[in-house]
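Sending over a structure as structure tokens; questions will come in a sec.
One is the number of the first residue; the rest follow in order along the sequence. As the structure lists them, so they are numbered: ligands from 1, and atoms in each ligand from 1. As the structure is a computational prediction, the values presented were derived from the model and not from experiment.
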Amino acid sequence: MMQQIDNYKQEMTAFEATTAEAAEAFRIKYLGTKGIVKAVMGEIKNVPNDQKKAFGQILNEFKQFAEARYEVLKESTVNGQPSTVNSIDISLPGTPVAIGTRHPLSIVRNQIVSIFKRLGFAVAEGPEIEDDWHNFGAMNLPEDHPARDMQDTFYINQHPAWLLRTHTSSVQARVMEAQRPPIRVICPGRVYRNETISARAHCFFHQIEGLYIDENVSFADLKQTLYFFVQEMFGKEVKVRFRPSYFPFTEPSAEMDISCLICGGSGCTVCKHTGWVEILGSGMVHPKVLQNFDIDPEKYTGFAFGMGVERVCQLKYRINDLRLYSQNDVRFLRQFTGAV
Ligand code: 2NL
């Protein structure tokens, strides 16, 4: 019997009421004429006479317990509001909302953009789904051009004339369409290639391209601008070198290497023991590209460059697997807490 009384007490303590109906249900269940308290009190008749007094006290205490609990429940439903007895303590500090971290690619993109902004470059953005002209044709890559093989991409079934851009040159094409020189823009954004995914290749990556067109823009301007950029990005001690290269949209073209940040030039796996790592492609805008936008190549010249954000990020943070960028593994992403 004593055990039974204890169980009822626990049950009553656990009973919660946020409405008047719930409090009333408590009263009927425990204190009503056919309620539990009455039933338990009735048990006194089965108790031996010499124990009746002690048991009577216990029963009284049990009844008072039930009545007190009922008062608390009733009070807690005044105005339909739970009282402070049962409700939350508003003076306690709240549960913090977990704040995410910036993605390493966003951190590096922002750094690159802010360096070029200081040199007077404006930021331009454009669509990721493009037409053949803005992505290829205008960039001096006609349909039969062999360089298209390197930029195989995804086409849209419902719209065979549409494709996913392979570089952000398409954005510069739209800028040249809409504006007259002087033009000084950088175009950050996601680009696509039809590649098998591995540690070193992915079907999408992020690029920043730059374009500067005005009268008397020279190769010296290209070199100085890009040299300034790497010094700001990687530090004053970094060296650069330019190697002749080929791009259909620039002539002449050059690839720029920087001295290896990992080994300082003495040779390691990152620089394949050459002391140099490739960082971007560049060149003087091809006269045909200018003509495609009615910009007179006799009057205006320009330089352009393009770099992969993943590549810069790899050198800055030593991330050696491209897939990490898009797997959304928080153990990877949380490492960039505190970076700007
Ligand atoms: C690379 C090389 C390059 C360009 C991009 C460009 C844009 C216009 C006109 C001419 Cl509108 N050129 N962009 C030029 C040279 C190289 O990118 O390796 N990117 C990841």
Problem - Ring geometry between Phe332 and Phe336 (parallel below 30°, tilted from 30 to 60°, perpendicular above 60°) - result: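 Ring orientation, 0 to 90° scale: perpendicular.
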Practice task
Find all atoms of ligand 1 within a distance of less than 4.0 Å from any non-hydrogen atom belonging to Ser169, and give their numbers and elements.
Solution key: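 Numbered from 1, ligand 1 contributes 7 (C), 13 (N).
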Handout entry: Per-atom contacts, ligand 1 versus Met176 - under 4.0 Å to a heavy atom
Key =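 Every atom of ligand 1 under 4.0 Å from some heavy atom of Met176: 11 (Cl).
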Exercise for the section: Indicate, as side chain, backbone, both or neither, the part of Ser253 found under 4.0 angstrom from ligand 1 when only non-hydrogen atoms are considered. Expected result: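 For Ser253, no heavy atom sits under 4.0 Å from ligand 1.
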Exercise for the section: Mind checking whether Phe249 contacts ligand 1 via backbone (N, CA, C, O), side chain (CB onward), both or neither, at a 4.0 Å heavy-atom cut-off? Expected result: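 The answer is both.
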Exercise for the section: Report, in ascending order of atom number, the atoms of ligand 1 lying under 4.0 Å from any heavy atom of Ser282. Expected result: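 The list of qualifying atoms is 15 (C), 16 (C).
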Handout entry: For Arg334, all residues meeting side-chain hydrogen bond (donor to acceptor under 3.5 Å, both in side chains), sequence neighbours excluded
Key =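 Once residues adjacent in sequence are excluded, Arg334 has no partner under the side-chain hydrogen bond (donor to acceptor under 3.5 Å, both in side chains) criterion.
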Problem - For Thr250, the ligand 1 atoms whose distance to one of its heavy atoms is below 4.0 Å - result: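 Near Thr250, the atoms of ligand 1 are 10 (C), 12 (N), 14 (C), 15 (C).
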Exercise for the section: Give a yes/no verdict on whether any heavy atom in Glu255 is under 4.0 Å from an atom of ligand 1. Expected result: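 For ligand 1, residue contact (heavy atoms, under 4.0 Å) with Glu255 is absent.
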Problem - Parallel, tilted or perpendicular, as decided by the 30° and 60° cut-offs, for the rings of Phe303 and Phe121 - result: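 Rings of Phe121 and Phe303: tilted, as their planes differ by 30° to 60°.
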Practice task
Could you pull out the closest heavy-atom pair between His145 and Asn140, with the gap in Å?
Solution key: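 For His145 and Asn140, the tightest heavy-atom pair comes out as CD2-O, 3.9 Å.
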Practice task
Please write down residue, atom name and distance for the protein heavy atom closest to atom 11 (Cl) of ligand 1.
Solution key: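 Protein heavy atom at minimum distance: Gln172 CB, 3.3 Å.
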Exercise for the section: Look at atom 16 (C) of ligand 1 and find which of Gly281, Gly283, Gly210 reaches it with the closest heavy atom. Expected result: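 Minimum heavy-atom distance to atom 16 (C) of ligand 1 goes to Gly281.
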Practice task
Would you kindly say whether Glu177 and His134 are connected by a side-chain donor-acceptor distance under 3.5 Å?
Solution key: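 Yes - a donor-acceptor pair under 3.5 Å links their side chains.
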Practice task
Verify the neighbour count for atom CD1 of Ile129: are there more than 12 heavy atoms of other residues, nucleotides or ligands below 6.0 Å?
Solution key: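 Open.
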Exercise for the section: Assign the ring pair Phe26 / Tyr30 to parallel, tilted or perpendicular, where the plane angle (0 to 90°) is split at 30° and 60°. Expected result: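 The arrangement is tilted - the two ring planes meet at 30° to 60°.
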Exercise for the section: For atom 6 (C) of ligand 1, find the nearest protein heavy atom and state the residue, atom name and distance (0.1 Å precision). Expected result: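 For atom 6 (C) of ligand 1, the nearest protein heavy atom is Ala304 CB, 3.3 Å.
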Handout entry: Heavy-atom pair of closest approach, residues Lys38 and Gly32
Key =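 Looking at all heavy atoms of both residues, the closest pair is CG-O, 3.9 Å.
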Exercise for the section: Look at ligand 1 and say whether Met139 reaches it with a heavy atom at a distance under 4.0 Å. Expected result: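 Checking ligand 1 against Met139, which is what was asked, there is a heavy-atom contact under 4.0 Å.
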Practice task
Specify the protein heavy atom at minimum distance from atom 20 (C) of ligand 1: its residue, its atom name, and the distance to 0.1 Å.
Solution key: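 Result for atom 20 (C) of ligand 1: Gln207 NE2, 3.5 Å.
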Handout entry: Lys299/Asp294 salt bridge by N-O under 4.0 Å criterion
Key =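 Looking at Lys299 together with Asp294, the answer is no, because their closest N to O distance does not fall below 4.0 Å.
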Practice task
Distance to 0.1 Å, residue and atom name: give those for the protein heavy atom nearest to atom 17 (O) of ligand 1.
Solution key: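 Minimum-distance protein heavy atom for atom 17 (O) of ligand 1 reads Gly306 CA, 3.4 Å.
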Problem - Nearest-contact summary for atom 13 (N) of ligand 1 - protein heavy atom, Å - result: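 Going by distance alone, atom 13 (N) of ligand 1 is nearest to Glu209 OE1, 2.9 Å.
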Under 3.5 Å, side-chain donor or acceptor atoms of residues 270-281 against the rest of the protein: list the pairs with distances, not counting sequence neighbours.
{"from": "Thr274", "atom 1": "OG1", "to": "Cys271", "atom 2": "O", "distance (Å)": "2.7"}
{"from": "Thr274", "atom 1": "OG1", "to": "Trp276", "atom 2": "N", "distance (Å)": "3.1"}
{"from": "Thr274", "atom 1": "OG1", "to": "Trp276", "atom 2": "O", "distance (Å)": "3.0"}

Practice task
Mark the output for Ala173 as yes if a heavy-atom distance to ligand 1 is under 4.0 Å, and as no if none is.
Solution key: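 It does not, in that no heavy atom of Ala173 comes within the 4.0 Å cut-off of ligand 1.
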